[in-house]
Amino acid sequence: MRLLLALSAALLPSIVSSFPNTPFKTSSQWVHDSTGENFTYVGVNWPGAGEVMIPEGLQYQSIQSIVSKIKSLNMNVVRLTFAIEMIDDIKDRGGDVTLQKAFQKGLGSNGDKVFQSVIKNNPQFTASTTRLQVYDAIAAELAKQQIYVHLDNHMSKGKWCCGGNDGNTWFGDTDFNVNNWKRGLQYMADHSKKWPNMISIGLRNEYRKPDKAGSSLAYNWQVWYEQNKAAADIVNAANPNILVFLSGLDYDTKLTPIPNADDLGGGKKFRLSDFSYKDKLVLELHNYQNSAKACGDIEGGLWNNGFRATGDKAVNRMPVVLTEFGFTQADKSYNGVYATCLRKLMPQWKSGWTVWVISGSYYIRSGTQDFEENWGLLNHQWSDWRNKDAIAALKGMVDETLKAVNR
Ligand SMILES: *[C@@H]1O[C@H](CO)[C@@H](O)[C@H](O)[C@H]1NC(C)=O
């Protein structure tokens, strides 16, 4: 009996292999765990970069119940967003802010009431728990349920993203201090070393051209390269184990010159071989072509703007993850051209994705408190799915994507 067990264990490594099998690395267009198995990102965005700078939903549900919802879809990763302002507070303004103060600051006179709901649902927290300790608790619960963490620097200033005049568009914009950004990334890369399920970090969400020229650096690929290379070096030095995600221009819809090492301007080219940690680099794109009339329009654009890095003709052959896409859950959009198309393309391209968004409402968004999120997979109280048919379709996308790359 014992011999048989040992034998079957040897024959079925994937069944007995243990979580988390980190660190991950890339090999050509694949992401591999530490045992050499393929890993494909299939997950969801969990926002934490709003004014309160605490991951959303905790005034309605426990962390455990939210993570269980994600787990029930068989997802394997959460793209957990944060704002650099949180680290600025830690470094420059006397340390991390407590939950109570964070809600007071973010929500004004409603802050205490919402804070009370948060600790009622999550009694492990108290008035002196800090924001970063909430991130720690979320990472721990995700680990417990065998889900990975991908951190995403969503904004510098904590607030809803993204617009051309929100001060967070591009390096040097009003609220996009480049040094603070690099310091914040370094801090989170280092801090997250203690999370066993931490696998990767996105350097910045959705670069975009500022509406008005101001203090920003020039909006071009050369600056993109210089800044991202410098930040990636810092992150890799702080935590050499995690993958580093590079996002593109125009709201992360374009990484066009990267796959084939085209001229970025001034003769500069992106070459994987210029990175000593080239097996840690991943590209990420977003897509919100929700009104597309034909899948071919989405497919051609996505491929030409970056997914071709996964193809066998790419000079820089790398994994590409669709880290944001999404649509309203309030109607039958899940059956429309856009949703159906991405549901087909990701398994076809054997590429990972994280959908926007595990939410039902936000603490505050664009000035409105308890903001209803129709694109959220959950209802307003985060207690159940918003649209069961849409969720069934999403679960199908999870299954098909995993099937495409796992033996
Ligand atoms: C990863 O998936 C691809 C596509 O299915 C497959 O060709 C490759 O052999 C897989 N690699 C491993 C290590 O399983």
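First listed ligand is number 1; within each ligand, the first listed atom is number 1. Model, not experiment: these values are computed from the prediction.
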(message) Using a 4.0 Å heavy-atom cut-off, which part of E37 comes near ligand 1: side chain, backbone, both, or neither?
(response)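 Near ligand 1, E37 shows nothing, with every heavy atom at 4.0 Å or more.
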If only side-chain N and O atoms count, and only distance matters, is there a donor-acceptor pair under 3.5 Å linking [Y] with [X]?
| X | Y | answer |
| --- | --- | --- |
| N379 | W385 | no |
| Q227 | K182 | yes |
| E226 | Q222 | no |

(message) As an exercise, identify every atom of ligand 1 less than 4.0 angstrom from a heavy atom of K350.
(response)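 Listed by number with element: 4 (C).
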(message) Please list, in number order, the atoms of ligand 1 under 4.0 Å from a heavy atom of G36.
(response)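 Answer for ligand 1: 13 (C).
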(request) Would you indicate which of V31, T40, N38, T35 comes nearest to atom 12 (C) of ligand 1 when only heavy atoms are counted? (result)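 Answer by nearest heavy atom: N38.
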(message) If you define the side chain from C-beta out and look only at heavy atoms, does anything of R183 sit under 4.5 Å from D88?
(response)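 A side-chain contact under 4.5 Å exists here.
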